[in-house]
Amino acid sequence: MSYDFKKIESKWQEFWAKNRIFKAQNKSSKPKFYVLDMFPYPSGAGLHVGHPLGYIASDIYARYKRHKGFNVLHPQGYDSFGLPAEQYAIETGQHPANTTDKNIKRYREQLDRLGFSFDWSREIRTSNSNYYKWTQSFFLLMFNHYYCNDKNKSRPIEDLIKIFEIEGNRRINAVTDRKVELFNSSEWNSFSFKKKQNILINYRLAYLAEKDVNWCPKLGTVLANDEIINGVSERGGYTVVKKKMKQWSLRITAYAERLLEDLNLIDWPDALKEMQRNWIGKSKGARVFFDIKGFDDKIEVYTTRPDTIFGATFLTLAPELEIVKKINSKSNKKEVLKYIDSTLKKSQLDRMSDIREITGVFTGAYAIHPFTRKLIPIWIGDYVLADYGTGSVMGVPCGDQRDYDFAKKFKISIVNIFKNVSIEKEAFTDKSETIITNSSFLNNLSFEKAFETVIKELEKNGLGFKEVNYKLRDAVFSRQRYWGEPIPIYYKEKVPVPLNFESLPLNLPEVENYLPGKEGAPPLSNANSWAWDEKNNKVVKNKYIDDKNIFPLELNTMPGWAGSSWYFYRYMDSENEENFADSKIISYWKDVDLYVGGSEHATGHLLYSRFWQKFLFDLELVPVKEYSKKLINQGMILGNSAFIYRKVGENVFVSKKLIKNLSDFDPIRIDIKYLINEDELDIKNLKISSSDFSNSKFICENGKFFAKREIEKMSKSKYNVVNPDEICDKYGADTLRMYEMFLGPIEQAKPWNTSGISGVHGFLKKLWRLFYDNEILIVNDSNPSKEMLKTLHSTIKKVTDDIESFSFNTCISSFMICVNELQNLKCRSRKILEKLIILLSPFAPHISEEIWERLGNSNSISEVDYPIFDQKYLIENEKNYPISFNGKFRFNINLSLSLTNNEIKEIVLSDNKTVNFLKSKKVKKVIIVPNKIINIVF
RNA sequence: GCCUCGGUGGCGGAAUUGGUAGACGCGCUGGAUUCAAAAUCCAGUUCUUUCGAGAGUGUGGGUUCGAUUCCCACCCGAGGUACCA
C-alpha cells in the first residue's frame, strides 16, 4: 500500500467537518488562545498559491497550541464589501451580492482542500446586514462622542452639550479640526437647532467637513492617502487630483499620541511599527506669530527649528490659505491669483513629478519679525502644504535646504546664524553640531539650549508657544460607491442627524444601476427608496421627501476598512443579535494572541483598527488598549513570469540564447502553463491553445525553444499564477502545506518554484514507509534504542523551539533529518513513531490522522498532547578547545575543557553538577548554566 | 533624499548569545535495482589546486585567541515615504 494522499485527505477533511473537531468553546477551563488571519477579499480570480501562505502558518500554530492544551479560537470570514465586485456590477449589471456569493463559494472550496482547522461556525461576512449593523452602530457612537484632551479619552457629546449650557465653550479642551468660534452659555442657549448642530459637528469623532480630498475621477470616488500609490490610485492606477468636498471623516488624529505610544505594548515587527511611527510623524517645535504690516491679522507659522528664528528672512504660505487673497497687494494680484489657480489644478502625480522644481510668488505684503521687528517679505509657494501645521512656514535659508533653494532662486537675502559653518553651497541642517550666533539672546547656545530658551521667550511675550505636530491626517470616511455600508445618517435642515440605534441595520437599497447618478451624485441616489421617515423610524420612498417627517438619507457609503476595523471581536460571538459580542465572552477571549497577515496593511487596516480599538476601549466596550499582542507579516510568494521574444514588426519568435541585440525584439508575455522543464516552451500546445500564435514562426536552438523568466508579483494579469488546486491534485495538501513553509522564512518574499516540491513530497512518502512495508504495518512494541530516543528528543526540542519562534522552514528540515535517521536505525518502535507523528500533525494533518488511526487509536490526533522534550536523552559529545581565551563560552550539557593558558588548566563539567578546575588568581568567577553559556569573569 | 531591513555554493536557504560556515531540500555527477522507464536506495557535490594545501559569507578597514555574527566607511538589492517646515 502506498501513500494515497487523495483518499486520505478527502477522508479526513470530511471527518473534521462532520465531527466539528475545531469548534471553539466560549467557556472552557483551558487557557485561551486566539489565532487570527487577515480575512480575504473574495476576488473573482480565486486563490493562487501565494494566498494560503499565511493561513498555513497560522494553522500550524493553531494546531500546535491545541496540542499544547489551549482552547484555540481560529476563525475565518470574508471582507466582502469592495471595489472589484462593484466594478464588475457596473460592467455586467449583476448585483455585487451575487458575484460576491459566487466568489466566496469558490474561495471556500479552495480553502477546504488545504485542511485548515478553522472554526467555520463563526464565519462572518462584512457585507451581511447582521454584521454591518454593528459597523453602523460604531459609526453612530463616534458621531455621538468627542475627544476630551483633559481626560485624554472620548466622552459622550451630551457631556459637552451640558458644559455648553452651563458655561459655553471657552474652557473646553477638545480636539477639533479647525478653530471653533467662542460663545458663552446664554449665547449657546439662544442658538438655533441648525447653528448648534453646526458647532457640535466640529467636535464629533465622526464629522462632516469641507476637505481637500484625493479625488479619482475615473473611479468616481475619493481615496484615502493609503489607497494612493505613487500619486495614482492603488486599484487601477488612475490619476488622483485634490478637490474640495464635503466629506465624513473620523478623528483619528485625536488618538495620534496614543497610537504612537502604545506601539510599545505590542509585539509587532519592528519594520511595521516603524512604518506606523513615520506615518503618524510626530514632531516637536513651536508656533510663532508674525504681525503683518498694515493689517490686524497675524500669520502663525509652525517650525521645528525655533532656535533659527534670527535666520528667518521671509515667510511662505500655502497658496490655498484664505489670508493670501486678503494681504496680496494690487500690483501682484494677477500673478498671485494665477499661481493659486495653477496649484489647485495640479494632480498628485504632477506635484510629485515637479518635485524640487521651485515655484512661488511674492504677495507684496510684509511681516514683522517678532524679535528684531525687521520687515520680511511674505511669499506663497506650493512646497508649503495647506493641511500640515499652520500652512505657513518661516523661511530660514541657512538652516533648511528648501528655504535655501527658494531664497537663492528668488534672490531673497540669506543670513548665517551658525558659528564656524559655511553656507556658501548649501544649508546647514545638522542639529547635533549647531551652535547659534548672530542671534541676540541665543548666541553661543546649542540646538537644545536655544530651542528651550527661545520658546520661553516667545511664551513670555505672547509671541508663540511650544507645539507638537503629527503628519497623520483624519481618515476620510465617505466613499461615492454602492457596495459598502450605508452611513446611518439623514439630513434635516441640511444638518446631519443620526438614526437611532434601534432602527439599525440601515440596509443597502436596491438600485437600477451602479453608476454615479446625476451631477456625479453617488450611486445610492439611484435608489427609489432612500428617504427616512423620522416618525416611524423606517426607510421610505424618495417621493415622499416633501412630507414634514421625511428626510433624505446620506448617499455616501463607508470605505473598505470600516468592516475590517473590528471584525476580530465579532468572531468571538458571531451570532449575537443583541450586541456586537457578549461582554462576558469578550472578557474570556479578550484579544488576539497571534495575528497573521501582510505588511501592505501597515498604514491602512492595521492603523485604523488600532484607532477603532482605542475608541471602543474609551467607551469600555473592550477590555484592552491593543487588540493584537503579536503580529507576524507573511511575505509574498512571487510569480515567475515567462516572456518570449518577437522580432520587431514580424511574426517571428526567437529562442532566448540566440538573441544578440535585445532592442530588435519585443518581449511578449505568455502563460506559464505553456512551459515544460522550467523555461522550455511547448510550442505545439501554445499554437493549438492560443490563436495569437497559430501562424507564428519559432526559431529554436537545438530543436528547443527557451523563454525568459522574470520574478514579479503573482497575478492573473501577468499569466504567472499557480493554482493550489493543481498542486493538491498532483502532490496533495500536506505536501503543499509543508512545501510552502519550506520555501523560506515566513516573513520573507520568495518566488514560487515548483521544482523543489519533489523533495517534500518524497519526505512524506518516506514517512509512510517508516510505518508500512508494502501492505504490512511494520510498527511493533519493541523498546527503543538510545539512538532512537536521542533522535526523537532532539527533534522534539528543535521543532518545538522553531514553532515558538515561527521558523517553520527549519522545522521541516528537522523532520527530514529525523525520518532519515529513524529509517537508518530501522526504527519500528511504536513509542517513537507515535510521538513523531503527533509532532508532525500540525504541518501535515491528513497523513498524521491516517497513520494515527491505523496505529489503532480511535480519537483524532488533534486532541492528543504534544510530546515533551526530555533532556536526559540528549548526550552530547565532549568538546575540547585547546585555546586560551577571555570572555564567554557556550557548551552543551557535558563539558570537558582544557586550556593551554598557564593560569587555567582544566574545567571539567560532568552530570551538570561537579565542577573541577584549578583555581587561578586571575579568575574571579565561573558561572555555569547547563546548556547555556559558561561565563568566565577575569 | 530620508527611514527600515537585507547581501552566505549552480538555486531556495541553515548556522543557538562571537566558537568546526554551507544543515535540510532542489539541481548536478557517479553507482545499485530494472528488459526498460518510473519509483527507490547508496556515494559525491563552495571554489582553486602541482592533491601538500590554499582561499572563502557584497567591498575595504577595525575589535578579538577566534567574526557570517560586533564596530566604522563604502557598494548593491528589497520595502516604506515623498517638499511634513
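Order of the sequence lines sets the chain letters (A, B, ...), proteins ahead of strands, with each chain counted from 1.
Aromatic ring pairs are classed by plane angle as parallel below 30°, tilted from 30° to 60° and perpendicular above 60°; the pair His369(A) and Phe290(A) is perpendicular. Between Tyr383(A) and Phe406(A), the ring planes are tilted. Angles from 30° to 60° get that label.
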Q | Chi angles and distances behind the salt bridge (Lys or Arg N to Asp or Glu O under 4.0 Å) call for Lys797(A), Asp801(A) | A | CA-CA 6 Å; Lys797(A) 174 148 179 55; Asp801(A) 288 353; 2.9 Å; yes

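As rounded to whole Å, 13 Å separates atom C1' of G13(B) from atom CD of Glu747(A). With rounding to whole Å, Asn824(A) atom CG is found 10 Å from C41(B) atom P. Note: CD (Glu821(A)) to P (C24(B)) measures 10 Å, nearest angstrom. Atom NZ of Lys471(A) is separated from atom P of A85(B) by 7 Å (rounded to the nearest Å).
When both pairing distances are held under 3.5 Å, C5(B) makes a Watson-Crick or G-U pair with G77(B). With both pairing distances under 3.5 Å, U34(B) is matched to nothing as a Watson-Crick or G-U wobble pair. Nucleotide G25(B) is matched to C11(B) when pairs are restricted to Watson-Crick or G-U wobble geometry with both distances under 3.5 angstrom. Across all strands shown, the partner of G54(B) is C47(B), judged by Watson-Crick or G-U wobble contacts whose two distances both fall under 3.5 Å.
For the residue pair Asp802(A) and Thr810(A), a side-chain donor N or O sits within less than 3.5 Å of a side-chain acceptor on the partner. Donor-acceptor pairing under 3.5 Å is lacking for the side chains of Thr343(A) and Asp382(A).
Side-chain nitrogen and oxygen atoms of Asn469(A) include none within less than 4.0 Å of the OP1 or OP2 phosphate oxygen of A85(B). Contact annotation: Gln401(A) does not reach the phosphate of C83(B) (side-chain N/O to OP1 or OP2, under 4.0 Å). Residue Tyr388(A) has a polar side-chain atom (N or O) positioned under 4.0 Å from OP1 or OP2 of A85(B). Between Lys766(A) and the phosphate of C41(B), there is a side-chain N or O to OP1/OP2 separation shorter than 4.0 Å.
If you check G12(B), C41(B), A39(B) against the side chain of Phe742(A), the one that comes closest is G12(B). Each of C41(B), G13(B), C24(B) was ranked by its minimum atom distance to the side chain of Ile817(A); first place goes to C24(B). In this structure, of C3(B), A85(B), G79(B), it is A85(B) that holds the atom nearest to the side chain of Val393(A). Checked against G25(B), A23(B), C83(B), the side chain of Asn820(A) finds its nearest nucleotide in G25(B). Comparing G80(B), A85(B), A39(B) by their closest approach to the side chain of Met275(A) singles out G80(B). Comparing C83(B), C26(B), G25(B) by their closest approach to the side chain of Ser758(A) singles out C26(B). Taking the side chain of Gln748(A) as heavy atoms from C-beta on, and the options A14(B), A85(B), G13(B), the nearest nucleotide is G13(B). For Trp279(A), the listed nucleotide lying nearest its side chain is A82(B); candidates were A82(B), A85(B), C83(B).
Ser641(A) pairs in a side chain to side chain donor-acceptor pair (under 3.5 Å) with only one of the listed residues (Lys718(A), Lys713(A), Glu712(A)), which is Glu712(A). Of the options Asp212(A), Asn225(A), Asp387(A), a side chain to side chain donor-acceptor pair (under 3.5 Å) to Arg473(A) is made by Asp387(A) and by none of the others.
Among the atoms of the strands shown, base atoms are found under 4.0 Å from some heavy atom of Arg473(A). Looking at heavy-atom distances under 4.0 Å, Arg769(A) makes contact with sugar-phosphate atoms alone, never a base. Among the heavy atoms of the strands lying under 4.0 Å from Ser283(A) are primed sugar atoms or P, OP1, OP2 only; no base atom is included. Using a 4.0 Å heavy-atom distance criterion, Pro745(A) is classed as a sugar-phosphate-only contact.
Between Ala271(A) and Gly759(A), the one whose closest nucleotide on RNA chain B sits nearer the 5' end is Ala271(A). Each of Asp403(A) and Asp270(A) lies near RNA chain B, and the nucleotide nearest Asp270(A) is the one positioned closer to the 5' end.
C65(B) and C26(B) have their C1' atoms separated by 39 Å, with the value rounded to a whole Å. Only the P atoms considered, C24(B) is 40 Å distant from C74(B), to the nearest whole Å. As rounded to the nearest Å, G54(B) and C71(B) have C1' atoms that lie 29 Å from one another.
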